Each structure stands twice: as C-alpha cells, then as structure tokens.
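The next block holds one structure in the form of structure tokens; read it before the comments.
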2 protein chains.
Amino acid sequence: MTTASELRDAALEEFASAGYLGTSIQAIAARASVSKASVLYHYSSKETLLDAALSPAIDAIAALLPRTVQLSGTDADRHDFLVGFVDLLMQHRLAAQIFITQSGALVDVPVVARAQQIIQQIAAARPQQTVDDQVRFAVALGGAAYLLAQAGAYGVEAAPDDVQLRDSLIRILDELLAPVTAS
Amino acid sequence: MTTASELRDAALEEFASAGYLGTSIQAIAARASVSKASVLYHYSSKETLLDAALSPAIDAIAALLPRTVQLSGTDADRHDFLVGFVDLLMQHRLAAQIFITQSGALVDVPVVARAQQIIQQIAAARPQQTVDDQVRFAVALGGAAYLLAQAGAYGVEAAPDDVQLRDSLIRILDELLAPVTAS
DNA sequence: ACGGTAACTGACCGATCGGTCAAGTTCTGA
DNA sequence: TCAGAACTTGACCGATCGGTCAGTTACCGT
C-alpha cells in the first residue's frame with residue numbers, strides 16, 4: 001500500500017527475475033512508477049532494499065530453526081517440520097528463489113550471510129549419519145526448494161495456494177527422509 | 001595449456017563463484033595473468049567467453065537427450081539414464097552450477113537459452129503421469145543438480161571422482177523414481 | 001492560515017563496465 | 001634473414017551504475 005512496501009515488492013520481483021546485480025535501482029523505480037531518487041529516499045541503498053525484501057523470509061526460516069530437533073524425533077515430528085519447511089518455501093517463493101540462485105554470489109551481503117548461516121544450522125541439526133542419509137537430506141530439501149523456486153521457469157505454475165502440489169511435496173519428502181529401517 | 005583454454009577455465013570458475021554479471025573481464029584477465037585487452041583478443045566479447053565455458057557441458061547434456069526414452073523403459077534402462085545424468089553433473093560441476101543459479105537471469109543469452117530448451121525436452125520426455133510422479137521427477141533431478149552444484153557452499157566437497165557420493169546419489173534417485181507399483 | 005516535516009524529483013558526480021584501437025612484441029615458416 | 005601472422009598491451013571511449021544534493025511539492029497538526 002505505502003510507497004515503501006510497493007518498492008519492497010517491486011524489488012523482490014525484480015531481484016528474483018533479473019538477479020540482484022542485474023537489477024538497477026532505476027528498474028525498480030520504474031516498476032513502482034517513482035523516480036530513482038525516490039527509491040533512495042525510502043531505502044538508503046540498494047543493499048538496504050535487498051535486506052528489506054529478504055528479511056521476512058529469513059525471519060520465517062529462523063523461526064523454523066528450533067523445530068529442527070524434530071528431525072531426530074518420531075515420524076510425526078519429522079512430518080511437522082517438513083510441513084513448516086514446505087509452507088515456508090511456498091509463502092516466500094520469490095525470496096527463496098533469490099536465495100537459492102544468488103546466495104553464492106552475494107555472500108558479502110550481511111542479510112544473505114545470515115540466511116546462509118541459518119541454513120547451515122538446519123543442515124547441521126541432522127544427526128550424523130551415513131552418506132546415504134546426508135544425500136537423502138540434501139536432495140529432499142534442495143530438490144523441494146529448487147522445484148518451487150524455479151517452477152515458473154519451466155511452465156509449471158506454483159501458486160502459493162496449490163494444495164495438491166503442497167501435499168504431494170510433503171508426502172514425497174516424508175518418504176525420502178523416513179528411516180530405511182522402517183521400510 | 002593455451003592462453004585461450006586458460007581463459008576459458010578462469011571464466012568458468014569466476015562465472016560460477018561470482019556470477020556472470022558479477023564477473024568483470026578484468027577479473028578473468030587477472031586470474032589468467034593477462035591484460036583485459038588480451039582476453040578480448042581471444043574471445044570477441046564476454047558473452048562469447050560464456051559460450052565457450054558452457055558449450056562442453058551443453059554438448060554433453062544434448063548427447064544425453066536421446067537416452068531419455070529410457071525413462072519409460074525397464075528399471076535397468078532408467079538406471080542407465082540416471083548414471084549418465086549424475087556423471088554429467090559431476091564432470092561439468094561448474095557449468096551446472098552456472099546454469100542452475102543463473103539460467104533465469106541469462107535467458108537472453110543464446111547459449112543459456114539452448115541449454116534451457118534441452119532441459120525442457122528432458123522434462124517433457126517423462127510420460128504424462130500424476131502430480132506425485134512429476135514432483136518425484138523434479139525433486140530427484142533438481143535435488144541432485146542443486147546438491148552437486150552448491151555442495152561447496154556448505155563445506156561439503158564434491159570431488160569429481162567421489163565414487164561414494166556418486167553411488168549414493170544414483171541409488172537414491174533410482175529409489176525415488178521407481179514406479180510405486182514396484183514397492 | 002501557516003510552519004514544519006515528510007515525500008519526491010532532476011541534475012549531477014565519480015567509478016566501473018564492456019569494448020575499440022593503434023602500436024609494440026613475439027613467434028614462425030620459407 | 002625477414003616478412004607476415006599471431007599475440008599482447010596501455011590508453012581511451014561511451015554508457016550505465018549506485019549514490020548525493022539542493023530545491024520543490026504535498027501533507028498535517030495547531
């Protein structure tokens with residue numbers, strides 16, 4: 001509604017589609033129908049704008065962090081965590097896309113570095129297991145994130161409220177991460 | 001060995017770590033210990049350099065395309081395809097990383113557009129099935145690609161000859177794509 | 001009505017980018 | 001030996017970038 005929030009949303013879409021480095025402040029200004037100087041009035045720098053665009057998603061994943069203990073719990077616990085993870089990806093699809101595709105090139109940006117640390121903590125929360133288990137974990141979470149982030153690039157629309165996709169994703173992740181001893 | 005191949009390798013590493021837009025010709029020149037003008041003598045433009053860096057990987061995945069028919073075949077056929085896919089990812093890790101993280105922002109670059117078309121053809125070769133099957137396919141291939149491309153960002157080294165990782169990945173992809181009727 | 005503050009803008013600045021060019025150097029084959 | 005091709009380079013160019021600033025307009029409490 002406000003100009004600031006419009007700029008934040010415009011930046012989120014632009015950063016996701018053209019990349020942070022490929023997006024000029026002018027482009028964001030044009031998308032929100034204001035001048036470049038006006039963008040820099042609301043956000044003191046391009047980096048501040050990226051921070052504002054990503055922060056909600058990072059707060060959400062940080063809130064998910066305490067629940068990683070559920071990964072070592074019962075089947076129901078692990079299921080609860082996966083539901084939270086998938087919902088997080090679907091609700092913050094653009095932010096997830098920005099992080100997945102550009103975190104490597106933007107490690108020197110504080111907000112991205114913070115997000116990377118949280119992801120690493122989630123990965124570390126997984127109890128030390130076999131290589132197979134590590135690969136299962138990486139393929140599951142990475143595959144889900146990549147699927148939702150890049151779905152649009154291959155014609156598949158991933159609407160935030162696509163419950164069929166959500167349920168299917170949770171089911172398959174559940175199956176992939178289930179202890180093999182339970183088979 | 002030659003200056004041209006050294007520049008191609010330097011560009012591949014730089015594009016993968018800093019991104020195409022985040023890499024200056026000067027940076028590639030410095031990595032190969034030559035001048036910026038010398039880079040533009042061997043490759044007429046920055047885009048030509050990206051083309052040269054990605055082409056071997058794209059040729060390899062194009063060669064894999066005829067084998068997508070195996071996805072509809074027996075378990076052994078599907079296994080053969082997955083072996084080819086995983087080996088491709090491991091042998092062209094940097095090119096895969098560039099494509100996975102930057103194909104969205106570089107759609108207007110011909111060599112990237114060509115790669116995207118090939119990926120789409122592979123995805124389309126999968127016979128029309130349920131949403132579950134589509135999600136399985138996307139999580140498997142996307143997860144494997146993302147794991148190998150981004151492994152370095154999370155401390156896990158994915159050496160091109162890590163047979164343990166390779167075998168584990170193939171086994172899990174096999175399991176993920178096996179028809180549920182076989183369970 | 002009015003003073004102050006928030007919002008907005010065009011003009012401008014220094015830096016960096018991709019790319020060109022003329023000149024110099026090194027290599028090679030006859 | 002030497003002509004010409006291959007290679008390398010510093011200097012330079014126009015364009016675009018992120019960011020600054022002085023000045024203008026719109027809004028709001030009193």
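Because the structure is predicted, anything quoted here is derived from the model rather than measured. To find a chain, count down the sequence lines: A is the first, B the second, and so on, and within it residues start at 1.
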Taking both distances under 3.5 Å as the test for a Watson-Crick or G-U pair, what stems of at least three pairs does DNA chain D have?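 Counting only runs of 3 or more consecutive pairs, the stems involving DNA chain D are C:1-30 with D:1-30.
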
With sequence neighbours excluded, what pairs up with [X] under the side-chain hydrogen bond (donor to acceptor under 3.5 Å, both in side chains) test?
X: S35(A); result: none
X: D174(B); result: H79(B)
X: H42(B); result: none

From CG (L94(B)) to CG (L148(B)), nearest 0.5 Å: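 Atom-to-atom, L94(B):CG and L148(B):CG are 11.5 Å apart.
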
From Y43(A) atom OH to I25(A) atom CD1, the distance as rounded to the nearest 0.5 Å: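 Answer for the OH-CD1 pair, Y43(A) versus I25(A), is 12.5 Å.
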
What pairs meet the side chain to side chain donor-acceptor pair (under 3.5 Å) rule with one or both residues in residues 48-59 of chain B, with sequence neighbours excluded?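 Checked against side chain to side chain donor-acceptor pair (under 3.5 Å) - neighbours excluded - the pairs reaching residues 48-59 of chain B are S44(B)-T48(B), S45(B)-T48(B), D51(B)-S55(B), D59(B)-R114(B).
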
Using the side chain to side chain donor-acceptor pair (under 3.5 Å) rule, collect all pairs that involve residues 81-90 of chain A, keeping only residues at least two apart or in two chains. D87(A)-R166(A)

For T48(A), report the nucleic acid contact type (base, sugar-phosphate, nothing); a contact means any heavy atom under 4.0 Å.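 Here T48(A) touches no strand at all.
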
Side-chain atoms of residues 1-15 of chain B: list all donor-acceptor pairs with protein atoms under 3.5 Å, sequence neighbours left out, distances to 0.1 Å.
from   : atom 1 : to     : atom 2 : distance (Å)
T2(B)  : OG1    : S5(B)  : N      : 3.2
T2(B)  : OG1    : S5(B)  : OG     : 3.2
S5(B)  : OG     : M1(B)  : N      : 3.0
S5(B)  : OG     : T2(B)  : N      : 3.3
S5(B)  : OG     : T2(B)  : O      : 2.9
E13(B) : OE1    : R31(B) : NH1    : 2.5
E14(B) : OE1    : R31(B) : NE     : 2.6
E14(B) : OE1    : R31(B) : NH2    : 2.9

Could you walk me through whether F99(A) and I119(A) pass the side chain to side chain contact (heavy atoms under 4.5 Å, CB included) check? CA-CA 11 Å; F99(A) 180 79; I119(A) 304 281; 3.8 Å; yes

Toward the 5' end of DNA chain D, which comes first, Y20(A) or A37(A), by nearest nucleotide?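 Looking at the nearest nucleotide for each, Y20(A) comes out on the 5' side.
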
Test your reading of the model: is there a side-chain donor-acceptor pair from [X] to the backbone of [Y], 3.5 Å cut-off?
X: K36(B); Y: S24(B); result: no
X: R136(A); Y: L176(A); result: yes
X: T68(A); Y: L65(A); result: yes

Quick one: salt bridge (Lys or Arg N to Asp or Glu O under 4.0 Å) partners of D77(B), sequence neighbours excluded? none

Contact list (N/O, under 3.5 angstrom) for nucleotides 4-6 of chain D vs protein:
none

Under the criterion side chain to side chain contact (heavy atoms under 4.5 Å, CB included), I'd like the reasoning laid out for L50(B) against V112(B): C-alpha separation, chi angles, the key distance, then a yes or no. CA-CA 9 Å; L50(B) 176 67; V112(B) 174; 4.3 Å; yes

For DNA chain D, which residues in residues 24-36 of chain A have a heavy atom at a distance below 4.0 Å?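 Here the set is S24(A), I25(A), K36(A).
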
Heavy-atom count check: over 12 atoms from other residues, nucleotides or ligands less than 6.0 Å from Q164(B) CD?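 At most 12 heavy atoms, drawn from other residues, nucleotides or ligands, come within 6.0 Å of this atom.
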
For DNA chain C, which residues in residues 2-16 of chain B have a heavy atom at a distance below 4.0 Å? none

Students should find this one: the first and last nucleotides of DNA chain C, 5' to 3', lying under 4.0 Å from a heavy atom of chain A. What are they?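 Nucleotide range with atoms under 4.0 Å of chain A: dA6(C) to dG10(C).
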
